[in-house]
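Here is the structure we will look at, set down as structure tokens.
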Protein chains: 2
Amino acid sequence: MFKRFKIPEATIGRLTSYSRFLKEADEKGVTTVSSQQIARATGVTPAQVRKDLAYFGEFGTRGVGYNPRELYNYIMKILGLDRRWSVAIVGAGHLGTALSLYKGFAERGFDITCIFDADPEKIGKKIAGLEVRSLEELSQKVKEYNVELGIVAVPAAAAQEVVDIMVGAGIKGIINFAPVNVSVPEDVVIRRVDLASQLEYLTYHLGETR
Amino acid sequence: MFKRFKIPEATIGRLTSYSRFLKEADEKGVTTVSSQQIARATGVTPAQVRKDLAYFGEFGTRGVGYNPRELYNYIMKILGLDRRWSVAIVGAGHLGTALSLYKGFAERGFDITCIFDADPEKIGKKIAGLEVRSLEELSQKVKEYNVELGIVAVPAAAAQEVVDIMVGAGIKGIINFAPVNVSVPEDVVIRRVDLASQLEYLTYHLGETR
DNA sequence: ACATGTTTGTTAATCTTTTAACAATATTTT
DNA sequence: AAAATATTGTTAAAAGATTAACAAACATGT
């Protein structure tokens, strides 16, 4: 689509931040913002902002700045957020439940459309208006709801198996909250989010400074 | 402590992975592992494993490998996990509740000792055996429970205010789940975890490949 | 219309991180 | 006991990412 050359991983994360700030600015009625303003609001340098955007094209006007709404729309398109996405969650424990109910997903275009769990105790329960289903139904429901993204919120020991089922059902992007590395075919994008590891980042740095 | 020179950010995250694998290996009774085995299990290259470890010292034996238990202990010490940490959560919504109940924290040495919320409706409720308290009590309870780490699970609009209160109470490390950049004094370590952004990473990459 | 001041897009320089290569050291085999 | 094999720690090379600098382009004021 845009990708003329390789884009730094971190750039993608920053585009998310930029877009949130731009939306706010637009809603406040602001008609131009500078790379400096974007930078200050998102905690990076102005040069970084311009570089990140330069990977994808020219979106501003020299001597002036950027139009928030326009730039917002561009970034959302770059991120693939110019449409909505259907997401399945596997794991109806505390984390899976919280993620099912999390408002922040819908705001960015992600609709949680089905929830699965292996535990018969949990099957049939309603979460966020959705019935928890067995893993056997996953493949069928994924087709029914056009699910393209999956969230894994199961214990580490079950993660690989669940991911295999998801991949088998045709899911192409997966977030794995289990603290374990799982493998997927080349054409599937996977990302691990290790919550405890985030706290460990803090303790490491606290140890460092004394 | 160890830090003789600057350590890559990503190294810290990988040490977490290594340590989990090493613990497992040790529990299985394995007495030596190679950088290659660690690498395969955690999805990196053997050279990366050795380089990461080399920042902190020499932990292996040439021609042989590493002792899982020993290396595990070293890494846990590097990460500051050779003791337990007391953690406060602010925000008793779905996410805050799930995080309070999440078993993965305790396993890695993090004890959630208090939960706070601004909403009077939530105050007094019990979560994971803990009473939800008002923000006014935060400072006192942080002292009482020796809290050093904080988790922010409140709406974006409230995040900066909550972080200010935490910092005022002496908390030195903060995870911010609100999708907004907040500022802290130099001696406070902060890390933002944006859940929607994780999904956006997927959609970006899916768009890329067609 | 010209000079002054802004702010982008881009190129070059710097800094950081990863990968590769290999000498040093241990183990196993013959 | 020597040769072959394995695996680390370390150094050098390559790749990747960030920062800095500045020409190009626009706006404003005189």
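These numbers were taken from a predicted model, which means no experiment stands behind them. Quick note on labels: first sequence line is chain A, next is B, and so on, each numbered from 1.
- Ionic pairing of Glu24(B) and Lys28(B) is present here: one or more N-O contacts between side-chain nitrogen and carboxylate oxygen are shorter than 4.0 angstrom.
- In this structure, Gln37(A) places its CD atom 14 Å from P of dT6(C), rounding to the nearest Å.
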Distances under 3.5 Å between protein N/O atoms and the N/O atoms of nucleotides 25-30 of chain C, please, pair by pair.
| unit_1 | atom_1 | unit_2 | atom_2 | d |
| --- | --- | --- | --- | --- |
| dA26(C) | O4' | Arg62(B) | O | 3.1 |

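- Taking the 5' to 3' direction, DNA chain D first and last meets chain A under 4.0 angstrom from a heavy atom at dA17(D) to dA27(D).
- Atom CG in Leu53(B) sits about 16 Å away from atom P in dT17(C), given to the nearest Å.
- In this model, the phosphate group of dT7(C) is not approached by any side-chain N or O of Ser34(A) to a distance below 4.0 Å at OP1 or OP2.
- The side chain of Arg50(B) places no N or O atom within less than 4.0 Å of a non-bridging phosphate oxygen (OP1 or OP2) of dT18(C).
- Residues Ser86(B) and Val147(B) have side chains in contact (heavy-atom distance under 4.5 Å, counting atoms from C-beta outward).
- With sequence neighbours left out, Lys23(A) forms a side chain to side chain contact (heavy atoms under 4.5 Å, CB included) with Glu27(A), Tyr72(A).
- Arg108(B) and Ser197(A) are not linked by any side-chain donor-acceptor pair at a separation below 3.5 angstrom, with hydrogens and angles left out of the test.
- Distance CD1 (Ile12(B)) to P (dT18(C)): 11 Å, rounded to an integer number of Å.
- For the pair Lys51(B) and Pro8(A), nearest-nucleotide mapping onto DNA chain D gives the more 5' position to Lys51(B).
- Between Arg83(A) and Glu148(A), at least one side-chain nitrogen of the basic residue sits less than 4.0 Å from a carboxylate oxygen of the acidic one, meeting the salt-bridge criterion.
- The phosphate of dT19(C) (OP1 or OP2) has a side-chain N or O of Gln48(B) nearer than 4.0 angstrom.
- Considering Val184(B), Val182(B), Val162(B) as possible partners of Val167(B), the one that fulfils the side-chain contact (heavy atoms from CB on, under 4.5 Å) test is Val184(B).
- Look at Lys6(B) and you won't find any side-chain N or O under 4.0 angstrom from OP1 or OP2 of dC15(C).
- At a threshold of 4.5 Å between non-hydrogen side-chain atoms, the residues Leu53(B) and Leu71(B) count as touching.
- In this structure, Phe56(B) and Tyr204(A) have perpendicular ring planes: the angle between them is above 60°, well past the 30° mark.
- The side-chain tip of Arg133(B) does not point at the ring of Phe116(B) from less than 6.0 angstrom away and within 45° of straight on.
- At a threshold of 4.0 angstrom between heavy atoms, the contacts of Thr11(A) with the nucleic acid are absent.
- Within the nucleic acid shown, Glu9(B) comes within 4.0 Å of sugar-phosphate atoms alone, with no base atom in reach, counting heavy atoms only.
- Rounding to whole angstrom units, CZ of residue Phe56(A) and P of dG9(C) are separated by 14 Å.
- Counting to the nearest Å, the C1' atom of dT7(C) and the CD atom of Glu58(A) are 13 Å from each other.
- Asn67(A) has its CG atom 13 Å from the P atom of dT8(C), to the nearest Å.
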